[in-house]
Amino acid sequence: MIEKNYQPADIESRMSLVWEDARAFRAGRPDRRDARPFTIVIPPPNVTGSLHMGHALNNTLQDVLCRFERMRGRDVLWQPGTDHAGIATQMVVERQLMERQLPSRRDMGREKFLERVWQWKEESGGTIVNQLKRLGASCDWSRERFTMDEGLSRAVVKVFVQLYREGLIYKDKRLVNWDPKLLTAISDLEVQQIEVKGNLWYLRYPIEGKTFSPEDTSSFIVVATTRPETMLGDTGVAVNPEDERYKHLIGKHVILPLVGRRIPIVGDDYSDPEKGSGAVKVTPAHDFNDFEVGKRHNLLQINVFDQEGAMALVGNEDYLRGLPEGADEFAAELNNVDRFAARKEIVARLENFGFLEKIEPNTHMVPHGDRSGVVIEPYLTDQWYVDAHTLAQPAIAAVRSGRTQFVPENWSKTYFEWMENIQPWCISRQLWWGHQIPAWYGPDGKVFVAETEEEAVSHALGYYVEQEVITVEQGREMALDRNKRAGFIKRDEDVLDTWFSSALWPFSTLGWPDDTPEVKRYYPTDALVTGFDIIFFWVARMMMMGLHFMKEAPFSTVYIHRLVRDEKGAKMSKSKGNVIDPLGVIDEFGADALRFALARGAAQGHDIKLSPQMVETNRNFATKLWNACRFAEMNDCVAPEGFDATNAKDTLNRWIAHETVRATREVSEALEAYRFNDASNAIYRFVWNVYCDWYLELAKPMLTGEEGAAKDETRAMVAWARDEILKLLHPFMPFITEELWEVTARRETLLALSPWSRKPSAVTAEEIALMSAANPNEPMLPPVLLDVAPPDFTDEVAEAEIGWVVDLVTAIRSVRAEMNIAPATLTALVLAGASTETKARLPRWNDVIKRMARLSDISFADRAPEGAVQLLVRGEVAALPLKGVIDLAAEKTRLDKEIAKADADIKRVDAKLGNEKFVANAPEEIVEEEKEKREAAVARREKIIEALKRLQEVNA
RNA sequence: GGGCGGUUAGCUCAGCGGUAGAGCACUGGUUUUACACACCAUUGGUCGGGAGUUCGAUCCUCUCACCGCCCACCA
């Protein structure tokens, strides 16, 4: 028995357990051994994460695809797992240490700290996984992976070592984006350019050999900068060689104010005469452009900051070299002063000595760390890089050739744009939590990269023995004893960018580098479903790594969805307070309702606007379905074994078979094209506006009528269509459909079925062949497997007949409402001048029409009776004799309006047909259509005029 | 500065060359035996502005306006 009320919370918690017990989501089920695989890897959420609306959307869409394909008979692997999220996780644990007033990370030491992180991961890392289960995600949870798992870590090391040996990973000393708060390098992608209101400071740099005076413009050159504090590291001034103002100064030197360093004026195209003063200070160690300029002119690179962005001047040999007397004192005063405080201090001093010409307000983009939020410092360090340019080429080709497709296709442009201008990828991070780089250094800094410590050490020791740095004996001892070699060979302390391991996700999760059956069967994957914000971070890098190591692109389709916003279109954010917690709405309205709301909103290329009210609307839809199923149950509707819907005798039943097949086709076509909104809206419409509003209502007289073949057939058909609905809807609303399926049908789980088949979809190709052979002439819904299109059953006759009933009932209801006829008042209906077809139809629908249109009686007559309202339904007059009830004047107005409408139609068509060019140029069928339209309008007009005459006759 | 979207009923969006559509909201009515989380019936739009191509444009082209996003080293 179906419960009276739909209570999602009860159903959903129970169903989760049922699925888990049945291990229903396992890939490689024995009955799917011969089936084609369908693979999706989950975008692994951060272990630190908890489910937000973006996750809810992303995973709903993946689940829809997975359940859909599973029902079509594919062997589905939805690979779940989580990401170790280097920086984020390390930050969480550090914050926790601070809150609990425990020793800091550095006090604790690397080993202890990592233990602590692992402990945290064991305790809290499962949160998001459980939340995904509440959403109904049908991942193969038995295969859950973590990017720092032993297996995945092996993949990371293997990839690193191989790329290193191929020369695609290398170490380089250059400027990186340095985060002075997190004390690590970050990649370009982790830098956010944020508009900041700042200043442009115009500084006077005295020219060597002249006596500096603010009044004497020939005694200095003005440079403009947004970062005056970096002047301490200036090693040149650049002017444009074409710039008449400064040309003569090229080759001369300036004396850096405050510092006293003698630096050259160089000519370089980089200097833009239009910008600032036209002369630019060059700080190769603290600016990406200046770094390049410096290289071109052999300028010194002087780093004046420490890791935390404070001035590091005392003991800084690069800085102090060649400076005059007193430089020490100045250095000591500014030493350890933070960059922003130093800026103020330096500007003040420059001003004091007349070196500051002016200050202009200036709004410009300033790089910020996306995790720390602090201003990023270009910083000269040794880091590891991936030669992304080389790896990008096959990845570009794969999308160009269509082997991997973006949906919507537009995103491929974004992808190309980035890939074609890709920069070396900085992969080393000065963190502890992550995959430690498998590189070891000898005492001279020589690097040894290997998959294991043993291998690296033996290479290294062999090398140093050969170089006679150590003796054979020493080498042997150090090889055997870690402690003995501790000071001699050291491992690189850095870890890899989290995205490095994520890039391997589509194959590392399958067991690579081992040659596992899973790798063979499930790689490459089919679809990747993700947000546009990580195309560069993740999609592009998976493409590069997948193609390089597996020789095949990791997925054939990349479906890119957009953002979930609030109902006004604003981005959800904590500060705005407009965040909708998915778990909150799941508690209130159910996961099914949330999923359906998200799917219905997921139009390609559009952000999804969501409000709790939208979720409520979809909960109401679930309730509607629930009640329809209760109705079927109360009427003992059961589809007998072997029931063939397409063989139904009754017109209404043939009609719903027709409509059901059509809906099935719509849904599957939409899903195949990743049009989640079209698919879900098609089901919505079909369930509510076709099945409930018309089919069940039209079937009621039959269901309450006399026993017999027709009633049996109708009961079977009600159940059949209901089952088809449950199957169609299952990918979107898995909980309620599974519940209703089990309660009403008491059959095996929906998960086992193909939506177009009565049989479990595990039937083999041979069985299909057998079944078809057995009934070669029988029109049947063939069991559909894999990608075979749904059946093409239609019944235009039934459609026309039911269409007539629907139109008639609607027209009568409409006029009754218009005339304010109380629902309790039953009226008579006279079909005037009905065709033989109508006369034949009526007996089949008499009861239904009477019931739905609230009629006392239906009869035929040659013409409409006196004082009747006359309706035109599909070209025939339906009259409601309402003498005394109707307002004749109002009725006349109504008919006049209809005539006017018909006239307008005729006029429009005439205008077209009267246009010679139209008749000459438009396709024949269009012209023909117009002619038919005209005829129809003329016929309609005549009928209404007749009706109007009749009305006036009576009136007179 | 470069690139990509968007602008259609009050809201969210379909439609993308042949007379404007859906859902929700609104309004009026209904204790009709599955469902008031419901039913029935309505109201509502010179398809952002302008120009062009075409027999015909919401749909194609150009242009302008506004909104949003992404990328970029501009002192």
Side-chain angles (χ1 to χ4, degrees), chain A residues 2 4-6 188 193 200-202 223-227 238 270-272 274-283 287-292 362 364-365 367 378 408 410-411 413-414 417-418 421 532-533 535-536 562-563 567-569 571 589 593 600-601 603 605-611 613-614 616-635 675 677-678 681 684-685 688-689 692-693 696-697 700 704 809-810 813-818 820 822-824 851-852 854 904-905 908-909 912 915-923 925-927 929-930 933:
Chain A
I2 302 175
K4 172 112 175 44
N5 295 312
Y6 166 54
D188 297 345
Q193 301 291 339
L200 203 51
W201 284 270
Y202 287 76
V223 296
T225 179
T226 54
R227 298 205 55 195
Y270 166 65
S271 185
D272 181 346
E274 304 293 312
K275 299 266 163 64
S277 64
V280 61
K281 66 195 243 354
V282 182
T283 322
D287 183 283
F288 288 101
N289 290 308
D290 294 4
F291 183 78
E292 297 301 323
N362 175 261
H364 59 127
M365 300 300 254
N410 269 326
W411 288 108
K413 276 188 203 153
T414 308
E417 185 66 24
W418 190 68
N421 298 297
F532 60 89
D533 48 336
I535 291 179
F536 305 145
R562 300 278 294 246
L563 234 52
E567 71 263 52
K568 292 185 201 109
K571 217 166 171 170
F589 301 115
R600 290 183 67 201
H606 287 280
D607 287 338
I608 293 163
K609 285 164 194 150
L610 189 79
S611 63
Q613 198 214 28
M614 289 172 182
E616 187 181 359
T617 300
N618 290 288
R619 189 277 317 268
N620 294 352
F621 171 72
T623 307
K624 183 75 183 176
L625 174 71
W626 185 266
N627 284 310
C629 290
R630 279 183 61 220
F631 174 79
E633 188 186 53
M634 289 161 82
N635 285 283
R675 287 184 279 108
N677 58 329
D678 288 345
N681 283 318
Y684 185 96
R685 222 171 297 134
W688 205 312
N689 304 117
C692 290
D693 286 351
L696 292 185
E697 291 303 325
K700 273 176 182 174
T704 55
V809 169
T810 306
R813 280 172 171 171
S814 179
V815 83
R816 284 177 58 107
E818 214 171 299
N820 283 320
R851 179 194 145 88
M852 295 186 78
R854 310 205 58 77
D905 284 351
R908 191 173 25 240
V909 176
K912 269 196 178 181
N915 183 342
E916 278 171 36
K917 286 181 180 171
F918 171 73
V919 181
N921 293 323
E925 56 201 65
I926 297 291
V927 177
E929 245 173 61
E930 292 297 322
K933 270 185 211 161

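A, B, ... follow the sequence lines: proteins, then strands. Residue 1 opens every chain.
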Hey, are the side chains of A:Leu625 and A:Tyr6 touching, using non-hydrogen atoms and a 4.5 Å cut-off? no
Quickly work out the A:Arg562 CZ to B:C69 P distance and round it to whole Å. 10 Å
Pairwise P distance for B:U12 and B:G48, with rounding to whole Å: 15 Å
Distance check, P atoms only: B:G5 and B:G18, in whole angstrom units. 23 Å
Residues A:Glu930, A:Lys933: salt bridge by 4.0 Å N-O rule: yes
Regarding A:Arg816, tell me which of base, sugar-phosphate or nothing describes its non-hydrogen contacts under 4.0 Å with the strands shown. nothing
Taking B:G49 as the reference, what is the distance to B:G2 when you measure between their C1' atoms (whole Å, please)? 26 Å
What closest approach, in Å, do A:Arg227 and A:Pro378 show between heavy atoms, and which atom pair accounts for it? NH1-CD, 4.2 Å
Watson-Crick or G-U wobble mate for B:C39, both contacts under 3.5 Å: B:G29
Would you say the side chain of A:Lys700 and the base of B:A34 hold a donor-acceptor pair, judged only by whether the two atoms sit under 3.5 Å apart? yes
Would you measure the distance from the P atom in B:U31 across to the matching atom in B:C13 and give it in whole Å? 38 Å
If you draw the axis of the six-membered ring of A:Phe631, does the NZ or CZ of A:Lys700 fall within 45° of it and under 6.0 Å from the ring centre? yes
Per atom distances to the A:Cys692 side chain, the nearest of B:A75, B:G18, B:A34 is B:A34
Say we look at B:C4 and B:C47: how far apart would their C1' atoms be, to the nearest angstrom? 23 Å
Please work out if A:Ala603 contacts a base, only the sugar-phosphate, or nothing of the nucleic acid, heavy-atom cut-off 4.0 Å. sugar-phosphate
With side-chain contact (heavy atoms from CB on, under 4.5 Å) as the test, pick out the partner of A:Arg600 among A:Asn681, A:Asn677, A:Asp678. A:Asn681
A:Lys609 NZ to B:U7 P, straight-line distance once rounded to whole Å: 10 Å
How long is the span from the OG1 atom in A:Thr617 to the CZ atom in A:Phe589, to the nearest 0.5 Å? 8.5 Å
Now, which nucleotide makes the Watson-Crick or G-U wobble pair with B:G1, with each of the two distances under 3.5 Å? B:C71
Is any side-chain nitrogen or oxygen of A:Asn921 closer than 4.0 Å to OP1 or OP2 of B:C55? yes
Under 4.0 Å between a side-chain N/O of A:Ser814 and OP1 or OP2 of B:U42, yes or no? yes
Taking any heavy-atom pair under 4.0 Å as a contact, classify A:Asp607: base, sugar-phosphate, or nothing. sugar-phosphate
Is A:Glu818 touching bases, backbone alone, or none of the nucleic acid, heavy atoms closer than 4.0 Å? nothing
Quick check for you: among B:U32, B:C4, B:C35, whose closest atom lies nearest to any side-chain atom of A:Glu697? B:C35
If you look at every strand shown and take non-hydrogen atoms under 4.0 Å, does A:Cys629 touch a base, only sugar-phosphate, or nothing? nothing
Spacing between A:Asp287 atom CG and B:C73 atom P, to the nearest angstrom: 10 Å
Rounded off to whole Å, could you give me the CD-to-P distance for the A:Gln613 and B:A25 pair? 6 Å
Rounded to whole angstrom, note down the C1' distance from B:G1 over to B:C16. 32 Å
Of the listed B:A14, B:C73, B:A41, the closest approach to the A:Ala817 side chain comes from B:A41
Is there a Watson-Crick or G-U wobble partner for B:U12 with both distances under 3.5 Å, and which nucleotide is it? B:A22
What is the base-pairing partner of B:G45, counting Watson-Crick and G-U wobble geometry with both distances under 3.5 Å? none
Against the side chain of A:Asp693, the closest entry in B:C40, B:A22, B:G5 is B:C40
Classify the side chain of A:Arg619 versus the base of B:C37 as yes if they form a donor-acceptor pair under 3.5 Å and no if they do not. yes
Protein-nucleotide distance (A:Glu616, atom CD; B:G23, atom P), rounded to Å: 18 Å
A:Lys4 NZ to A:Asn627 CG distance, which is reported to the nearest 0.5 Å: 7.0 Å
Mind checking whether A:Thr226 and A:Leu200 have side chains closer than 4.5 Å, heavy atoms only? yes
Tell me which nucleotide among B:A25, B:C13, B:G23 gets nearest to the side chain of A:Tyr684. B:G23
May I ask which nucleotide in the shown strands pairs with B:U58, Watson-Crick or G-U wobble, both distances under 3.5 Å? none
Considering only the C1' atoms, how many Å lie between B:A14 and B:A9, rounded to the nearest integer? 13 Å
Can you tell me which nucleotide in B:C40, B:C70, B:C55 comes closest to the side chain of A:Phe536? B:C70
Let's see if you can work this out: which of B:A75, B:A72, B:C69 has an atom nearest to the side-chain heavy atoms of A:Met365? B:A72
Which part of the nucleic acid does A:Gly601 contact within heavy-atom distance under 4.0 Å: base, sugar-phosphate only, or nothing? nothing
Roughly how far, to the nearest 0.5 Å, is the CG atom of A:Asn289 from the CG atom of A:Asp287? 5.0 Å
Taking the side chain of A:Phe631 as its heavy atoms from C-beta onward, which of B:G18, B:A41, B:A34 lies nearest to it? B:A34
Say we look at B:A20 and B:C26: how far apart would their P atoms be, to the nearest angstrom? 28 Å
Which part of the nucleic acid, if any, lies within reach of A:Trp688 when heavy atoms closer than 4.0 Å are counted: base, sugar-phosphate only, or nothing? sugar-phosphate
Identity of whatever pairs with B:A65 - Watson-Crick or G-U, under 3.5 angstrom: B:U7
In terms of side-chain heavy atoms of A:Asn915, which of B:G18, B:C55, B:C71 is nearest? B:C55
Among the nucleotides B:A41, B:U30, B:C4, which one has an atom lying closest to any side-chain atom of A:Pro823? B:U30
Separation of B:A41 atom P from A:Arg854 atom CZ, nearest Å, is 13 Å
Round to the nearest Å and state the distance from A:Asn681 atom CG to B:A14 atom P. 10 Å
Kindly say if A:Asn620 contacts the phosphate of B:A38, meaning a side-chain N or O under 4.0 Å from OP1 or OP2. yes
A:Asn820 CG - B:G28 C1' separation (whole Å): 9 Å
Scan A:Lys624 against the nucleic acid and name what it touches under 4.0 Å (heavy atoms): base, sugar-phosphate only, or nothing. base
At under 4.0 Å between heavy atoms, what does A:Ser271 touch on the DNA or RNA strands: base, sugar-phosphate, or nothing? base
